[in-house]
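To keep things clear, I will list the structure first and then write my remarks on it.
To find a chain, count down the sequence lines: A is the first, B the second, and so on, and within it residues start at 1.
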Amino acid sequence: MAEKARQVKDFSFMQSTVYIEDILNHRANDGTEVTLQGWLYHKRSSGKLLFLLVRDGTGIMQCTLFKPSLDAKTVEAAEGLSQEASLTITGTVHKDDRAPGGYELQVSGVTPMGSSVDYPITPKEHGPEFLMDYRHLWLRSKNQHAILRIRHTIIKAIRDFFDNRGFTLVDTPIFTPAACEGTSTLFETDYFDTKAYLTQSGQLYAEAGAMAFGKAYCFGPTFRAEKSKTRRHLTEFWMVEPEVAFADLADNMVLAEQFLEYIVQTVLKDRAEELTTLERDTTKLENVKAPFPRVHYDEAVKILKEAGLPFEYGNDFGAPDETAISEKFDRPVIIHHYPSAVKSFYMKRDPGEPDKALAMDILAPEGYGEIVGGSQREDDYEVLLARIKEHKLPAEAFDWYLDLRRYGTVPHSGFGLGVERTVAWICGLQHVRETIPFARMIHRLKP
RNA sequence: UGCUCAGUAGCUCAAUGGUAGAGCGAUCGGCUGUUAACCGAUAGGUUGUAGGUUCGAGCCCUACCUGAGCAGCCA
């Protein structure tokens with residue numbers, strides 16, 4: 001703890017202010033006078049006592065005023081504060097078990113800053129639609145703090161994982177000249193009198209990165225214009241896509257399972273408090289350790305048949321199918337060798353099973369569905385060109401992509417992980433809309 | 001786009017076809033230890049829109065608007 005305190009001190013840049021987390025983490029001593037700057041979270045009174053709950057983004061501190069021992073002006077200022085009004089408050093730190101967090105501030109002075117009249121979000125219940133309308137204010141509440149801090153940790157874990165393994169970050173473009181996969185509906189924009197589309201995947205560019213750096217990854221927003229209205233879909237979401245030269249499907253699966261294990265174990269270690277706030281049952285997350293079960297498509301179909309689900313061999317799995325399969329396992333499950341017909345043009349087919357692609361998806365437990373999709377890529381120029389034509393894609397748009405096969409082609413593999421679905425799963429949320437600060441959905445472009 | 005459901009006070013919700021209500025929030029008052037405090041009072045409504053049935057519609061019917069859940073698409 002002392003080590004941590006020193007570290008924070010060294011990086012401090014706010015000379016005049018103490019943060020609430022400093023007090024709660026015992027970095028400010030009992031009996032010292034401090035000044036906090038923050039917002040009023042809640043107010044309660046009991047006769048001559050006034051309790052102000054002040055938040056500053058790092059924590060919540062109960063501030064206590066005994067009215068008779070303060071001047072009238074200070075009391076008036078404190079009583080005039082409403083929910084989410086901003087303030088500067090000075091007082092003495094006291095350890096008190098009756099205070100939430102074990103510490104409170106015995107107030108000597110209050111200076112109101114910005115007023116807050118009729119703050120829309122009250123401490124009681126609200127519906128999701130109302131809260132999403134006030135998302136810019138909803139971010140101030142406790143559960144949203146927990147979710148977005150976990151998101152922050154997941155994103156940091158993603159970067160650390162690849163950075164520590166010698167991957168190079170290759171940022172891929174958001175404006176693209178054509179569909180990456182040719183399937184999804186894309187957002188179209190006017191680009192100096194020609195059409196450009198918002199990217200639905202950085203993968204093709206990440207492949208160029210892998211041929212340049214051996215191990216590369218891209219990480220950025222992606223866009224899908226499908227009119228999806230489910231708890232698993234956003235029109236704008238973040239995806240990380242590693243791509244590795246000389247890696248085959250088996251290597252790809254090992255990378256993906258180690259990656260997911262690292263993310264989940266990092267969150268369990270660094271965000272235990274936030275998971276408690278969200279009342280997440282962490283026993284199911286503790287299981288997330290490699291190796292994950294590997295299930296061939298044919299086996300997965302057998303599981304569905306045994307479960308009595310109506311499923312036609314050769315189709316891709318629907319959401320209820322994915323749930324049924326994932327329920328059979330206590331950790332994420334890797335499904336591989338999907339029928340080539342239901343997968344993208346760039347996925348290499350297995351020479352031993354020509355109707356199957358060297359593809360793999362990872363299904364998260366507890367019904368959270370597909371969080372990873374990946375494959376070994378087609379590395380043969382002629383085959384890839386034929387596949388582009390089969391899918392009726394404009395070959396001229398892919399000339400640069402074909403160059404990757406023309407000049408020193410190698411076997412290579414990669415996958416994409418959806419950040420919001422991962423956050424929803426780890427946090428145990430019902431809907432991905434809370435996993436990103438400002439969600440974009442078919443009926444939501446604001447705030 | 002299809003199926004299902006919903007729309008009543010600022011918010012969350014009640015109200016057999018028969019006088020539109022509660023809790024929270026707001027405002028005022030009370031209480032020296034509150035923990036989503038508690039107690040008392042006050043204000044707050046064109047029941048999503050338009051039409052229809054009926055002596056009478058928040059409730060029944062039709063259309064429309066808005067949104068949600070599920071499906072498809074996918075991460």
Sugar-phosphate, base or nothing in reach of A:Ile371, heavy atoms under 4.0 Å: sugar-phosphate
N/O (side chain, A:His233) to phosphate O (OP1/OP2, B:rC74) under 4.0 Å: no
Centroid separation A:Phe317 to A:Phe311 less than 6.0 Å: yes
Sugar-phosphate only, base, or nothing, as touched by A:Gly127 at under 4.0 Å among non-hydrogen atoms: sugar-phosphate
Test applied, side chain to side chain contact (heavy atoms under 4.5 Å, CB included); reference residue, A:Phe292; option that passes from A:Leu363, A:Val254, A:Leu260, A:Val333: A:Leu260
Proximity to RNA chain B (any heavy atom under 4.0 Å), residues of residues 416-441 of chain A only: A:Gly418, A:Arg421, A:His431, A:Arg433
Ring centre gap for A:Phe175 and A:Phe187 strictly below 6.0 Å: no
Watson-Crick or G-U wobble partner of B:rU12, both distances under 3.5 Å: B:rA22
Sugar-phosphate only, base, or nothing, as touched by A:Pro100 at under 4.0 Å among non-hydrogen atoms: base
A:Asp270 side, atom CG; A:Gln265 side, atom CD - distance, nearest 0.5 Å: 11.0 Å
Sugar-phosphate, base or nothing in reach of A:Arg232, heavy atoms under 4.0 Å: base
Pair A:Phe438 + A:Trp138: ring centers closer than 6.0 Å: no
Sugar-phosphate, base or nothing in reach of A:Asp361, heavy atoms under 4.0 Å: nothing
Sugar-phosphate only, base, or nothing, as touched by A:Lys229 at under 4.0 Å among non-hydrogen atoms: base
B:rG2 versus B:rG72 - spacing of their C1' atoms, nearest Å: 9 Å
Sugar-phosphate only, base, or nothing, as touched by A:Ser46 at under 4.0 Å among non-hydrogen atoms: base
Aromatic ring proximity A:Tyr297/A:Tyr313, centre distance under 6.0 Å: yes
B:rA75 pyrimidine/purine six-ring stacking with A:Phe237, under 5.5 Å and 30°: yes
Polar pair under 3.5 Å, donor/acceptor by atom type, side chain A:Ser228, base B:rC74: no
Pair partner, B:rU1 [Watson-Crick or wobble, under 3.5 Å]: B:rA71
Donor-acceptor pair (no angle test) under 3.5 Å: A:Glu129 side chain, B:rG7 base: no
Check: A:Phe259 ring centroid to A:Phe162 ring centroid under 6.0 Å: yes
Donor-acceptor pair under 3.5 Å, A:Ser45 side chain vs B:rC31 base: yes
